[in-house]
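Reading through the structure tokens given below for one structure.
Predicted, not measured: the structure shown is a model, and the values here were computed from it.
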Amino acid sequence: MQQTRSTLILSLFALGLLPACETERSQGEIYEEDVLPPKDSLSVGDDIGLTAFAQIRPLGGSGISGTVTFAESDVGVALNGNIRGLNPGKHGFHVHEGTSCAEAGGHFDPTAMEHGAPSDTMRHVGDLGNLEAAADSIAWATGTFETISLDGPNSIVGHALIIHQGEDDLTSQPSGDSGPEVGCGIIENRE
């Protein structure tokens, strides 16, 4: 059975029905796996409600690209995504108050709190902590946040999702001292 399956896969590849594997990727280029999955395939908890996404683009020639999806559930807003082209290590990851990447402004903070870690009960709504890029320059974004929403006063829709060059120290005011912005995407409703 295993030999028959392998023969079938090799035959489909030889006929051009299966694509060849990529061996090299250019930074900043959007790839097929960056495309959002169908809304029905998101599974983050019970009673999935609104969904949104941000297509991350490079800032300042950084070469960063990726996609982050958001989905409401009974336990908060879950985010999931991947970002390519980052230097290995930690990078500040925040929702900013601005509605464009050119003018992102400060961290989204409709509740007038100080900057903090995602685990802090008193923090900016937009404080998502850090992404950590591996040696292959890819960072996976995952988590569920109770303070953000996709509608109402804490809605992040329409705001800039920013990735910073350096690590957010999670304490420095007003923004964690994470350095320049190197990636950005506007969070949009998903229909």
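Residue Glu188 qualifies as enclosed at atom CD: its count of foreign heavy atoms under 6.0 Å is above 12. Heavy-atom contacts from other residues, nucleotides or ligands closer than 6.0 Å to CD of Glu103 number 12 or fewer.
Nearest heavy atom pair, residue His124 against residue Pro174, reads CE1-O, 3.0 Å. Here the closest heavy-atom approach between residue Ala71 and residue Thr51 is recorded as CB-CG2, 3.9 Å. The minimum heavy-atom distance between Ser100 and Ala160, with the atom names listed, is O-CB, 4.1 Å.
The closest side-chain heavy-atom distance from Ser155 to Ser149 is below 4.5 Å. Using a 4.5 Å heavy-atom threshold, the side chains of Val95 and Ile187 count as touching. Contact check for Thr69 versus Leu79: no side-chain heavy atoms found under the 4.5 Å cut-off. Counting heavy atoms from C-beta on, the side chains of Val157 and Asp151 never come closer than 4.5 Å. With a 4.5 Å cut-off on side-chain heavy atoms, Leu59 and Ile64 do not count as touching. Here the side chains of Leu161 and Val68 are in contact, with some heavy-atom distance below 4.5 Å.
A side chain to side chain contact (heavy atoms under 4.5 Å, CB included) with Ser178 is found for one member of Asp168, Ile162, Ile163 and no other, namely Asp168.
Residues Leu170 and Phe93 fall into different hydrophobic clusters, defined by Ile, Leu, Val, Met, Phe, Trp and Tyr side chains chained together at heavy-atom separations under 4.5 Å. Cluster annotation: Ile186 is not connected to Leu150 through the hydrophobic network of ILVMFWY side chains, with a link wherever side-chain heavy atoms come within less than 4.5 Å. A continuous path of ILVMFWY side-chain contacts below 4.5 Å connects Leu50 to Ile148, so both sit in one hydrophobic cluster.
Taking OG1 of Thr171 as the start and CD of Glu114 as the end, the distance is 10.5 Å to the nearest 0.5 Å. To the nearest 0.5 Å, atom CD of residue Gln165 and atom CD of residue Glu181 are 11.5 Å apart. A distance of 6.5 Å separates OG of Ser175 from NE2 of His115, quoted to the nearest 0.5 Å. Summarising the geometry, atom CH2 belonging to Trp140 is positioned 12.0 Å from atom CG belonging to Leu131; distances are rounded to the nearest 0.5 Å. Rounded to the nearest 0.5 angstrom, Lys90 NZ and Glu167 CD are separated by 5.0 Å. The distance from atom CG of Asp120 to atom CG of Asp127, rounded to the nearest 0.5 Å, is 8.5 Å.
Every ring pair (Phe, Tyr, Trp, His ring centres under 6.0 Å) that His164 has, sequence neighbours left out, goes to His94, His96. When the side chain to side chain donor-acceptor pair (under 3.5 Å) test is applied to Thr111, no partner is found at least two apart in sequence or on another chain. For Asn130, the side chain to side chain donor-acceptor pair (under 3.5 Å) test picks out no residue, with sequence neighbours left out. Listed by chain and residue number, Arg123 satisfy the side chain to side chain donor-acceptor pair (under 3.5 Å) test with Thr147 (two or more places apart in sequence, or in another chain). Remark: Phe108 pairs with His159 by the ring pair (Phe, Tyr, Trp, His ring centres under 6.0 Å) rule, at least two apart or across chains.
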Exercise. Can you list the steps and then say if Phe70 with Ile156 is a side-chain contact (heavy atoms from CB on, under 4.5 Å)?
Worked result: CA-CA 10 Å; Phe70 302 87; Ile156 60 172; 3.6 Å; yes

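Counting only residues at least two apart or on different chains, the disulfide bond (SG atoms under 2.5 Å apart) pairs with a member in residues 94-151 are Cys101-Cys184.
A donor-acceptor pair is defined here as one N or O able to donate and one able to accept, closer than 3.5 Å; no such pair exists between the side chain of Gln55 and the backbone of Phe53. For Ser62 (side chain) and Val182 (main-chain N/O), a donor-acceptor pair under 3.5 Å exists by modelled atom type. In terms of modelled atom types and a separation under 3.5 Å, the side chain of Ser137 and the main chain of Leu86 share a donor-acceptor contact.
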